[in-house]
Every structure is written in structure tokens, then in C-alpha cells.
Protein chains: 2
Amino acid sequence: TIELQQVQKVYSMGRRNYQALRGVDLRIEPGEFVAIVGPSGSGKSTILNMITGIDRPSKGQIMIAEVNLNLLSENQLAHWRGAEVGIVFQFFQLLPTLTALENVILPLHLRGRRAKVHGKERLERALEHLRMVGMDSHAYHLPSELSGGEQQRVAIARALANDPPIIVADEPTGNLDSQTGEMVFEIFRRLSSEGKTIIYVTHDHDLAHLAHRLIQVRDGLIIADSN
Amino acid sequence: TIELQQVQKVYSMGRRNYQALRGVDLRIEPGEFVAIVGPSGSGKSTILNMITGIDRPSKGQIMIAEVNLNLLSENQLAHWRGAEVGIVFQFFQLLPTLTALENVILPLHLRGRRAKVHGKERLERALEHLRMVGMDSHAYHLPSELSGGEQQRVAIARALANDPPIIVADEPTGNLDSQTGEMVFEIFRRLSSEGKTIIYVTHDHDLAHLAHRLIQVRDGLIIADSN
Ligand SMILES: Nc1ncnc2c1ncn2[C@@H]1O[C@H](COP(=O)(O)OP(=O)(O)OP(=O)(O)O)[C@@H](O)[C@H]1O
Ligand SMILES: Nc1ncnc2c1ncn2[C@@H]1O[C@H](COP(=O)(O)OP(=O)(O)OP(=O)(O)O)[C@@H](O)[C@H]1O
Ligand SMILES: [Mg+2]
Ligand SMILES: [Mg+2]
């Protein structure tokens, strides 16, 4: 279970402050398929950064599977994330000097629930995930040698490589044509039916309605929740 | 008039080559409003890079308003672009150490058809363009202090700041909610009616049909053109 309690986030910008989240309460059960929508700048990515521990709240609690993220050090958070969460960032964050294949293998190397997996099996597993998103033909391209949508699909394969129980995706199809986008969502739907928790931000009306639950954000607050 | 004649683009990747464009012929008249669509990886951004001189073709000619881009040096291309073309890149390319306002002022400083404009008028013109895309409230944020869609809107304001005759936009609304996206397209529509040439790539079916002309790309070739 993911639980945010009265989460606030204030960014300090020199003398002034900018309040991105004004008090977010959110509870997501294991296996839920949740879409988050809202205008540009409303706080969606900030909420995802709270759930994944990429950023810390200014106030409020974040409990994930009984673990209080506020009490973890940066190092503990990185370990926790490596095993528990697969993240598709809004701007991919691929490592520029690694090929598509190496970017997907990396989480398998660092740790992951499959730390006992050996070199050859890691390679096969990474290739399988690239194949799943139609990118095995570009396995040896560097990120700079890929189109926008191709980079996005490599980022999706990387997030899934470790078979994490929670998948968090920030506009995972923003750079994809509708056919490729639907293929990605088919993967998410299948993972959700296998019991994984899927949380995604989207601006696409059709994709938002594929989720079982729709959360609407505006000006740093949740204003509607179809739960 | 923009004219591509048998344009090919081959990217060399160490020992192997990757052919992104296989022979593109395209003619766009002044004032046209053109959408380019196609699957992820089909060559859309590469075509835009040819039209804007950001990248050079491996074969073929590119003539824009009687100027042969192949014959211009890098320096001449940069000057030509500064005056003739406003570009909204797929991943924005904002300068990370400049604020939103400074990013929009920059093209006015470097040159531009309004090189005679003085400091105070430049500032006002840049603010006016930020206001146009709903970003004047974030004028003093750095790109890292903006959401994805906010960065995109700053990139749009920057492309328009110099009042160029040609505007080239690569998925300009990919990170925007549909309402904000429609506001952006309303600006493009108005500029097209004033005689500016607007060329944009989009994966959004509805936005693609707002253009007067729809060009479909697949595997590095134009396969349909509604002209
Ligand atoms: N520097 C490069 N080296 C090798 N291949 C490249 C390079 N840049 C692009 N490519 C390849 O060229 C093809 C066309 O890329 P392009 O960026 O034009 O696609 P696109 O249609 O814009 O796709 P998207 O909708 O995903 O942004 C892609 O398959 C990509 O892998
Ligand atoms: N480091 C920062 N410093 C100051 N303000 C910030 C910072 N990061 C984000 N913001 C502000 O917080 C607000 C929320 O940002 P967030 O990235 O969560 O929006 P979003 O809903 O994901 O928008 P989009 O759909 O455009 O990606 C924005 O108005 C943004 O300007
Ligand atoms: Mg965002
Ligand atoms: Mg592209």
C-alpha cells in the first residue's frame, strides 16, 4: 500500500518560495491501475517524485508497504527504489554514454530482486524487454542515436527490467504515435492483471480512461478521485 | 518556398550505417500550415532538422526562399536561422543557467529581424510572448524549476520572439494538457493566417487535422500528402 498523508512540497528559489503541493492525501492499494491527470504545472510530476522518493516532501508522511520514506537515508532510498519501484521519467534520464541495451541491463546489475541472475541471463532478460517495446533492432544505439519515442521506449524497458512490484510512469507515451502508445498500455494492463501496482500521468484522455481509477490534480491539490 | 529534393540522411554509427531518410521530396509554399505525422522512428525530426539546417543531408538539395542551405557555412546557417526560422525542439533545448525570460530574450539579443530593438523594448517583447503562452508568472524560474509542459511553453515563446517568417515545431504540445495544447494551436493558427509558414510534427490526431495539409512519413519516406 502507498500512503501519502498531508504531503506538502515547497521549492525554495532564492528569496522566494514556490508551493507545488499544498496538502496531498492519497492511498493506493497493491495491484491498482491509477491514472493522474491535470493541467501543466499542477503538481503531477511532484506527486510521482514523492511516491518514488526521488524528492522529499516539505511536510507530511509517505508510507509505502509499511516503510516510512522520510526515515530512509539517500542510500537506503536508492536501494529501496532499485528493488521496489520501476520509474519511467518524463524526460527519460537515459545514461548518454551507454547503449539502449546497457541502459536496460544496468538496473539488473546494480541490484534488484534478481541480484542472483548471472551475466548471460541478464543480457537475455534485457533484450527480451527491448523486444517487448519493439526496440531490439536499436539495442546498440546510444540515446543520442535514437528518436524521441525510441528513447521513451528504452526508458520503459529499463523500468520493467527488474520486475518491480510498483511501476510509476510520467507521460510514458507523450512521444509515441497512438499505435505504439496502445502497445505500451497493453503491457501495463497485463502487468496490472498480474498484481503489479501501476501509476501513470497522462495528458491523453483515451489512455487516462484505461485505468481503473482517475485522480485529478489542480494547483497542488487532488480535486477529484474516481475511486 | 521550402524545397527538399531527393533528400537522404544516413547516420554513421561506427562500422554500421543507419539510413533515416531514403529520398524525400517536399515543397512547402509561404503561409502554408502543415502537419507531419508518422510512427516513432520514421524520420519526422530528421526532416525538420533538414528544413532548419540543424543537420545536413547525406544527399539531395534543400532550397529555402532561393537559398541553397548546402552552400552555407555553419556560421552563415546560424545567422540565417536566427532571422528566418523559429524552432520548437522536441526536447526544448532551453539554456539551463538562464531564466525563462532570459531564454526568450536571447534570440532578440543575438540578432533577429529586430536587431535595432533596444534593451527595454526587448524585455517587454519577451514578457509579452511569455504572457501569450501563460508563463509570465514563471518568468524568473530556471528550466530546472519548471514542469515539463512549462518548459515546453517557454520554448514556444522563444521560437516566436523574433517574429520569424517560418515556424518549425516538433511535437509542441506533447507535454501539455489538451486545453493548454489548444491554446498553443490557436496561436499557430493566427500566425498562419498572418502569412507565416507553420510546420509541425504531432502524434495527436485532432491537432494533425487542424493543419491545411497533412504529410505522412514512414521508414524515411513520405507515403502520403493531402495537398
Ligand atoms: N545520430 C543518429 N545515429 C543513428 N541513428 C539515428 C540518429 N538519429 C536518429 N537516428 C535514427 O533515425 C531514425 C529517425 O529518427 P527521427 O528522430 O527522425 O524519428 P521521429 O520520426 O522523429 O520519431 P519520434 O516520433 O520517436 O520522435 C530513428 O530510427 C533513429 O533511431
Ligand atoms: N525546482 C523547482 N523550483 C521551483 N518551482 C518548481 C520546481 N520544480 C517544479 N516547480 C513548480 O512546481 C509546479 C509543479 O510542477 P510539476 O512538475 O509537478 O508539474 P506537472 O503537473 O508535472 O506539469 P506538466 O504536465 O507540465 O509536466 C510548477 O508550477 C513548477 O513551476
Ligand atoms: Mg510533469
Ligand atoms: Mg522526433
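Letters A, B, ... are given to chains in the order of the sequence lines, protein chains preceding strands, and every chain is numbered from 1.
Counting heavy-atom pairs under 4.5 Å between each of B:Gly38, B:Gly41, B:Gly43 and chain A puts B:Gly41 at the top. With chain B as partner, the option from A:Gly181, A:Gly148, A:Gly149, A:Gly174 having the largest number of non-hydrogen pairs under 4.5 angstrom is A:Gly148.
Not counting sequence neighbours, the partners of B:Ala159 by the side-chain contact (heavy atoms from CB on, under 4.5 Å) test are B:Val88.
In this structure, the portion of B:Phe92 lying under 4.5 Å from any heavy atom of chain A is its side chain and not its backbone.
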If the cut-off is 3.5 angstrom, what donor-acceptor pairs do you find between chain B and chain A?
{"residue": "B:Tyr18", "atom": "OH", "partner": "A:His138", "partner atom": "NE2", "Å": "3.0"}
{"residue": "B:Ser40", "atom": "N", "partner": "A:Asp177", "partner atom": "OD1", "Å": "2.8"}
{"residue": "B:Ser40", "atom": "OG", "partner": "A:Glu150", "partner atom": "N", "Å": "3.4"}
{"residue": "B:Ser40", "atom": "OG", "partner": "A:Arg153", "partner atom": "NH2", "Å": "2.9"}
{"residue": "B:Gln90", "atom": "NE2", "partner": "A:Asn175", "partner atom": "OD1", "Å": "3.1"}
{"residue": "B:His138", "atom": "NE2", "partner": "A:Tyr18", "partner atom": "OH", "Å": "3.0"}
{"residue": "B:Glu150", "atom": "N", "partner": "A:Ser40", "partner atom": "OG", "Å": "3.4"}
{"residue": "B:Arg153", "atom": "NH2", "partner": "A:Ser40", "partner atom": "OG", "Å": "3.0"}
{"residue": "B:Asn175", "atom": "O", "partner": "A:His203", "partner atom": "NE2", "Å": "3.2"}
{"residue": "B:Asn175", "atom": "OD1", "partner": "A:Gln90", "partner atom": "NE2", "Å": "3.1"}
{"residue": "B:Asp177", "atom": "N", "partner": "A:His203", "partner atom": "ND1", "Å": "3.4"}
{"residue": "B:Asp177", "atom": "OD1", "partner": "A:Ser40", "partner atom": "N", "Å": "2.8"}
{"residue": "B:Ser178", "atom": "OG", "partner": "A:His205", "partner atom": "NE2", "Å": "2.9"}
{"residue": "B:His203", "atom": "ND1", "partner": "A:Asp177", "partner atom": "N", "Å": "3.3"}
{"residue": "B:His203", "atom": "NE2", "partner": "A:Asn175", "partner atom": "O", "Å": "3.2"}
{"residue": "B:His205", "atom": "NE2", "partner": "A:Ser178", "partner atom": "OG", "Å": "2.9"}

